[in-house]
Amino acid sequence: MIKPNKKLQVGTLAVGFFFLYAPILSLIVYSFNDSQLVTIWSKVSLRWYYALAQDDELINAAWLSLKIGLLTAFASVAIGTWAGFVLARMGRFRGFTLYSAMINAPLVIPEVIQGISLLLLFVEMGKVLGWPAERGVFTIWIGHVMLCVSYVAIIVQSRIRELDTALEDAAMDLGATPLRVFFVITLPLISQALISGWLLSFTLSIDDLVLSAFLSGPGSTTLPLVVFSRVRLGLNPEMNALATIFIGLVTVGVIAANFFMQRAEARRAMPAS
Amino acid sequence: MNAAQAQALHHASTAPDADAFVRIVDVVKKFGEATAVAGVNLSVARNELFALLGSSGCGKSTLLRMLAGFEEVTSGRIIIDGEDMAALPPYKRPVNMMFQSYALFPHMSVAANIAFGLKQEKIGPREIDERVADVLELVQMSKYARRKPYQLSGGQQQRVALARSLVKRPKLLLLDEPMSALDKQIRQRTQIELVNILDKVGVTCMMVTHDQEEAMTMATRLAVMSEGRIVQLGTPHEVYEYPNTRFSAAFIGSTNLFDGNVSVDNPDHIYVECAALPQPVFISHGITGPLGMPVTLSIRPERVRLTRTAPDNTPNQAPGKVCNIAYMGSYTLYHVQLASGKNVMANVSTLAFDNVDPPSYDEEVFVSWAPDAVTVLTK
C-alpha cells in the first residue's frame, strides 16, 4: 500500500485551501478598510457598510435579484419536475431521444446565444404582438427559467429512476388515485431532489449576468448587472462590503442547512421506542 | 389413489367453476409480440390459499398484476365475487397486495402506513385508529406502531406489509413472493405464522412464488405455470405424487426421469423398456395409450431403495456404483451411476443407517423401487 507522506499531505492541503480562500479572505479584510482605494490599507472602519446602506440603487437591485431568484426557483422546480418525471417514466416514446436532448441542451448552449436568441424573439414579439412592450422582470424570469429547468429535470429524473415503482403501485392498490399517489407518495419521496433543484436554480438565477444583460430593460437591473457596471468604472470598496455580506449570508445558510440535516439524520439513527 | 383417480381429480379442478369466488377465464396478456400469459383458466374458492408456482418469466407475476389491476388483460375476464374487474382501476378493486419488496412508505410510520388505505375510504379517524390497532395486534406489531419502516427487521417489515394489505378487508389478498426477502432460517417459521394469520382472518388468498417448498407448505392448492400456461393444478400432495408432465415432475421436488417405450400393455399392469435400465420396468397400473408409446418414468429419490445385495423378485432394479454422497443431516442423498451411465438419485433416511453401515464412494450397490412408486408421464 502507498502510504501518504504526512508533510506533503498537509502542505498540499494548505496550498489548495490558500488558493481557494485567500482572495475571499483579502476581500473580507479590505471591506473594513477606510481607504477609497481598494488596494491600499489605511485603517479599520465600517465606512463602506454605511455607504452600502445608503445606496438605493444597489439595494433595489438586490431586492429585484432576490425576487427573480425566488420566482425562477419555483417555476423551474415545477416545470423541471414535470419534465424529469416524463423522462424517467414514459419509457421510450417516439422522439424520446430528441426530447431528452432538447431538455438537456440549455446546459451546453452558451448563455450568450440563449440571451441573443431570446432577445431577438422578444423584440420581434414586441413589434408584432405588442407584447412584451419592454424587457424587464418578466423577460429575465423567462430566460432564467429556461436555463434552470434543465438542471432540475436532470436531478429529478435521476431520483425518480431510483425510486421503487412498487411504492406507487402499493399506494394505488390501497385506494389512492394516481393524482393523490403523486402528491402523497411520490413528491415526499423526491423532496430532497426538489430542494436541491430549487436551491440550484435560485443560486444560478441570483448570480446570472449574461442572460440578465440581454433581457433586462430600463428599471430592471439585477444585482450582478449593477456590480458589473460599477466595477467597470473602477473598483469600489463598497463592493467588498457587499461581497462580505453575501459571504456571511451564504455561510450562515450552509451552516444552518448542515445543522438541520444532521439533526434529521440523528433522529433517524435513534431507535424510537 | 391411483393414477386414474388422480387424473379425474385433475380434470375436476381445472374445469371453470361457475360459483367459484375468484374466476379467471381465458386470460391472455401480450406485451407487443411477446405473450406473457397464454389463456389461463382458474377458479379459487372462498378462503382458499392458492399458489401460482413457476420459474421467473413464466407469467405468474403478470397474472398477479392483472388481478391487482396494474396490467390490463389483452383478452379474457377476471371475476371476483361475481363482479367483473375489467373496467376497474387498481384503486377501485376489492383486492390488496403484499409486495415482494413490501413497498412500505419510507416517510410514514408503521401506523400511518397501515392507516393509508383506510384514509382513502373516507373512514372516520376513530374507526381508523381502532382498525389499525386491531390489525397490529393480529400481526403482533403493536409495540412498533410509531417506528419508521427502516427501523424494523425484514420479518417485522413483512408483518407490517401484511397488516397494511389486510386492514382494508380485501375480498382477495395477493402475495407476491412473500418470503423471498427473508433469511432462510426464519422462512419456515414465518410461512406457518403467515398461514395462521390468514386462517384467522379468513381471506381468499393468491400467492406467487418460485419456491416449491413455500408453495407446498402454505397453499391449499397450487398451479404449476410454464411459458404462460398452467401445466398442472391440484393440491400439493396431488402435484407432488402424481405429476402430469416432465416439467412439473422436475419442477416440484427432484426426481429421476427415464425415457422409454411401453413394451407390455395390460389393463392392470404394464412394462416399460428404458435404454438406461437393464430390464423393463414393471408398473402396477394400466395406462391409456398404444403399445410402444414413448413415455417418461418419474421416480422420486425417496422412493428409491439402496441395497448392497440384489433384491429378490423384482424387475425394478439396477446395479450401479456410488459416485456422489451428499449428507443432508436428516437424510443422505446418494448419486448412483448405472452401467448405462445414467445417474440415479436415492434419498436414504438417517434412520436406515442405524443397523447398516452406509455405503461409501465407488461401492457396488443396487437401486430398486416398488411397482407403484413409478409415475408414467406421457408428455
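Below, read A as the first sequence line, B as the second, and so on, with proteins coming before strands; counting in each chain starts at 1. Reckoned from all heavy atoms, side chains included, excluding hydrogens, waters and symmetry mates.
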> So which part of B/F99 gets closer than 4.5 Å to some heavy atom of chain A, the side chain, the backbone, both or neither?
Replying inline: side chain

>> If I measure from the heavy atoms of chain A, does B/R65 come under 4.5 Å with its side chain, its backbone, both, or neither?
In response: side chain

> At a heavy-atom separation under 4.5 Å, does A/L189 approach chain B through its side chain, its backbone, both, or neither?
Replying inline: side chain

> Got a salt bridge between B/K30 and B/E33, using NZ or NE/NH1/NH2 to carboxylate O under 4.0 Å?
Replying inline: no

> Side chain, backbone, both or neither: which part of B/L104 has an atom under 4.5 Å from a heavy atom of chain A?
Replying inline: backbone

> Between B/T62 and B/E71, does a side-chain hydrogen bond (donor to acceptor under 3.5 Å, both in side chains) hold up when you go through it step by step?
Replying inline: CA-CA 7 Å; B/T62 309; B/E71 306 285 354; over 6 Å; no

> For B/M98, is it the side chain, the backbone, both or neither that has a heavy atom under 4.5 Å from a heavy atom of chain A?
Replying inline: neither

>> For B/R187, is there an ion pair with B/E214 - N to carboxylate O distance below 4.0 angstrom?
In response: no

>> Using heavy-atom distances under 4.5 Å, tell me whether B/K92 contacts chain A through its side chain, its backbone, both, or neither.
In response: neither

> Which pair of non-hydrogen atoms, one from A/L174 and one from B/Q120, has the smallest distance, and what is that distance?
Replying inline: O-CG, 3.7 Å

> Between A/T165, A/D164, A/V181, A/T177, which residue shows the highest count of heavy-atom pairs closer than 4.5 Å to chain B?
Replying inline: A/T177

> Which residue out of B/A103, B/P89, B/G69, B/S101 racks up the most heavy-atom pairs below 4.5 Å with chain A?
Replying inline: B/A103

>> Side chains of A/H144 and A/S212 only: does a donor on one sit below 3.5 Å from an acceptor on the other?
In response: yes

> With a distance cut-off below 6.0 Å to the six-membered ring centre and an angular limit of 45° from the axis, does B/R159 pair with B/Y144 as a cation-pi contact?
Replying inline: no

